[in-house]
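In listed order, ligands and their atoms are each counted from 1. Just so it is clear, the values below take in all heavy atoms, side chains as well, and ignore hydrogens, waters and symmetry mates. Nothing fancy with the numbering, it's 1 onward along the sequence.
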Amino acid sequence: MPKGKVAIANKSFKMLFKRLYATTVSTRLSSALKNTDLIKTNAFVNGAWIKSSQGKSFPVTDPGAVSGSGSVGANPDSDPHLATVQSMEAQDYNDAIKYAESSFNEFKHTSGRYRSNLLYKLYELMHENKEDLATMITLENGKPYADALGEVTYAASFFQWFAEEAPRVSGEIIPSANSSNRIFAMKQPIGVCGILTPWNFPLAMITRKLGAAIAAGCTTVIKPASETPLSALSLAYLTELAGFPKGVVNVLASDDAATVGKLISENPIIKKVSFTGSTNVGKLLMKQSSSTLKKLSFELGGNAPFIVFEDADLDKAVAGAIASKFRSSGQTCICANRLFVHESIYDEFSRKFVEKLKRDVVLGHGLKEGVTHGPVIHDRSMLKVRSHIEDASEKGAKILLGGNKRPDLGENFHELTVLGDVTPDMLIFQEETFGPVAPLIKFSSDEEVINMANDTRVGLAGYFYSTNVSRVFKVAEAIEVGMLGVNTGAISEAALPFGGVQESGFGREGSKFGVDDYLVIKGVVLGDIV
Ligand code: SIN
């Protein structure tokens, strides 16, 4: 072929390849699922699957397959690309918000029983597809399959819970000071809600918010994290199957979280924003939404204390500490972040803690049989993990277990790490690690440990182990957090009022209080009752 023609052929091939790549779902993703209808890469707006108005898209990758060498534990298929998802633009979000507004005008009149039935249907559909949904979570988030399956069940349980709450949303009649008046406290859905969710629970953080919004009679515009949009889009597909009216659930992915967060916060049609993510982003969204004075519920960062008193059942405390600290490789907002151990049991606790981790942990790709812990989500998480370990080591902490990256498994793998002799001057004491590092801190009295536990501006979750009933009450009252696990490291369930205090945010999700965040109370005075 002449030179010029080769160049043109090459160019066309490249363009074709680019187009194919932009619309293609990897075979790795499609062959991993039984029901490939769950794989969606467009946005779901007003009941239709649409592309970005500007033709933009972004890749979604498997954090467990980034540069793995294929050795033990790594995914033999080391191509991390899963799919290319449409990146929706400001115009697309504004359109979706308008659709959500017009659908709200009808949806707000539906009965609680009708909305309950929709939520039950969605709950059932999630269970019918739970293996596929779990596989998708593992692929885009990295958590081991068993944990991902646990997340699907947990996520679906919010639909079950709020299906039960929906028909029970009711107001009150309040006696008036004037005997010929009656006061009604009428509960009404607040309106269109913006839902902004993180990557660490690609389904459960949506369902906990969406379930409550639907129970209340609100419509929604959801932006999932750009790391994990596939699970969110598959959920949108299930709402379609469940028969949700169009415009009630809109799911739009984007790789520009800052622009979308601002748009959702400032758009006057949106009446409420629910956000789970970092404290810094929460502060920004609060500032941005002040222009329209929206109702907000924020579940933000934590720095959870986990206290083991000298009267604790040590084996149970060890198991609870591992469950709480290393769940999802330390990447949950309620993971124990600082482990305080009484000096009289410190050596025995740390020995048992390290021995159990050595015995039980298998690090590797989440779809591999027997793997208990997966990668961190991306290089930024890895940098934080490394900086906490390095800072603590320089300031005198001892590495009791792990301490290293595992590049043989992939770029995002890090050993589960235990640091001993950690002190309050270390970064790991002051900041949330959001990774697989457990710092052990010695204490000698209740007063000292309560002061240390409260020495933070955030307060999401906390944990302690003690068999002394008086101590249980006194410490439970003194720890400044929104949620507390006493003699357990696993607190999450739909019935728990989930949320924090101080700079961990406000509002409660799940539980019987969760719907309140999506309602407004109208006071109606009925006069002239004679
Ligand atoms: C979170 O990490 O934000 C949620 C954790 C949970 O619901 O258990």
Side-chain angles (χ1 to χ4, degrees), residues 126 134 137 141-144 146-162 195-212 222-225 227-228 231-232 235 273-282 285 296-304 306 320-337 373-374 376-377 381 384 431-436 458-463 481-485 488-511 513-514 517:
M126 284 187 77
I137 289 177
N141 164 283
K143 66 178 72 174
D147 290 4
L149 208 50
E151 178 179 344
V152 179
T153 308
Y154 178 45
S157 76
F158 289 108
F159 289 146
Q160 181 187 36
W161 178 271
F162 286 115
I195 293 182
L196 305 167
T197 55
W199 48 262
N200 66 338
F201 285 86
L203 282 178
M205 293 306 95
I206 298 179
T207 61
R208 190 156 70 197
K209 298 173 195 305
L210 179 62
I222 302 171
K223 184 214 162 281
E227 292 87 347
T228 56
S231 305
L235 185 65
V273 174
S274 178
F275 166 69
T276 296
S278 74
T279 295
N280 283 342
V281 174
L285 294 174
L296 303 172
S297 42
F298 284 176
E299 191 238 294
L300 308 175
N303 186 355
F306 187 108
I322 291 174
S324 165
K325 172 63 245 184
F326 292 112
R327 178 179 174 217
S328 292
S329 294
Q331 301 175 104
T332 86
C333 297
I334 58 167
C335 277
N337 201 56
H373 291 80
V376 295
I377 188 87
S381 297
K384 189 152 201 201
E431 296 173 357
E432 187 177 29
T433 308
F434 229 70
V458 289
L460 190 59
Y463 308 83
V481 291
M483 296 167 284
L484 201 50
T488 176
I491 57 173
S492 299
E493 60 162 303
L496 174 74
F498 200 102
V501 295
Q502 306 182 81
E503 293 187 17
S504 285
F506 36 76
R508 290 295 176 266
E509 298 191 319
S511 78
F513 307 106
D517 269 303

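Scanning all protein heavy atoms for the shortest distance to atom 7 (O) of ligand 1 gives Tyr154 OH, 2.6 Å. Remark: minimum distance from atom 8 (O) of ligand 1 to any protein heavy atom is reached at Ser492 OG, 2.5 Å. Distance from atom 5 (C) of ligand 1 to its nearest protein heavy atom, with residue and atom name: Phe201 CE1, 3.6 Å.
Counting heavy atoms closer than 4.0 Å to ligand 1, residue Arg327 contributes side-chain atoms (C-beta onward) but none from N, CA, C or O. The proximity of Asn200 to ligand 1, defined as any non-hydrogen pair under 4.0 Å, is limited to the side chain. Counting heavy atoms under 4.0 Å from ligand 1, residue Cys333 touches it through both backbone and side chain.
With a 6.0 Å cutoff to the six-membered ring centre and a 45° limit on the axis angle, Lys143 counts as a cation-pi contact of Phe201.
The distance from ligand 1 to the heavy atoms of Met205 drops below 4.0 Å at these ligand atoms: 3 (O), 4 (C), 7 (O). For ligand 1 and Thr332, the ligand atoms under 4.0 Å from any heavy atom of the residue are 2 (O). Here is the list of ligand 1 atoms found below 4.0 Å of a heavy atom in Ile334: 8 (O). Close contacts of ligand 1 with Phe498, meaning ligand atoms under 4.0 Å from a residue heavy atom, involve 4 (C), 5 (C), 6 (C), 7 (O).
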*Check the pair Thr197 / Thr276 against side-chain contact (heavy atoms from CB on, under 4.5 Å), numbers first and verdict last.*
CA-CA 5 Å; Thr197 55; Thr276 296; 5.8 Å; no
*Kindly determine whether Tyr463 and Ile491 satisfy side-chain contact (heavy atoms from CB on, under 4.5 Å), including the steps that lead there.*
CA-CA 9 Å; Tyr463 308 83; Ile491 57 173; 4.1 Å; yes
*Does the pair Lys209 and Phe158 meet the rule for a side-chain contact (heavy atoms from CB on, under 4.5 Å), with working shown?*
CA-CA 9 Å; Lys209 298 173 195 305; Phe158 289 108; over 6 Å; no
_Apply side-chain contact (heavy atoms from CB on, under 4.5 Å) to residues Met483 and Leu460 and explain how you reach the verdict._
CA-CA 6 Å; Met483 296 167 284; Leu460 190 59; 3.7 Å; yes
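Of the possible polar contacts, one joining the Asp517 side chain to the Arg508 backbone as a donor-acceptor pair under 3.5 Å is found. Formation of a donor-acceptor pair under 3.5 Å by the Ser381 side chain with backbone atoms of Val376 is not found in this model.
Heavy atoms of Arg208 approach ligand 1 to within less than 4.0 angstrom.
Geometrically, ligand 1 and Glu299 share a nitrogen or oxygen pair separated by less than 3.5 Å.
Leu196 has its side chain within reach of Lys223: a pair of non-hydrogen atoms, C-beta onward, lies under 4.5 Å apart.
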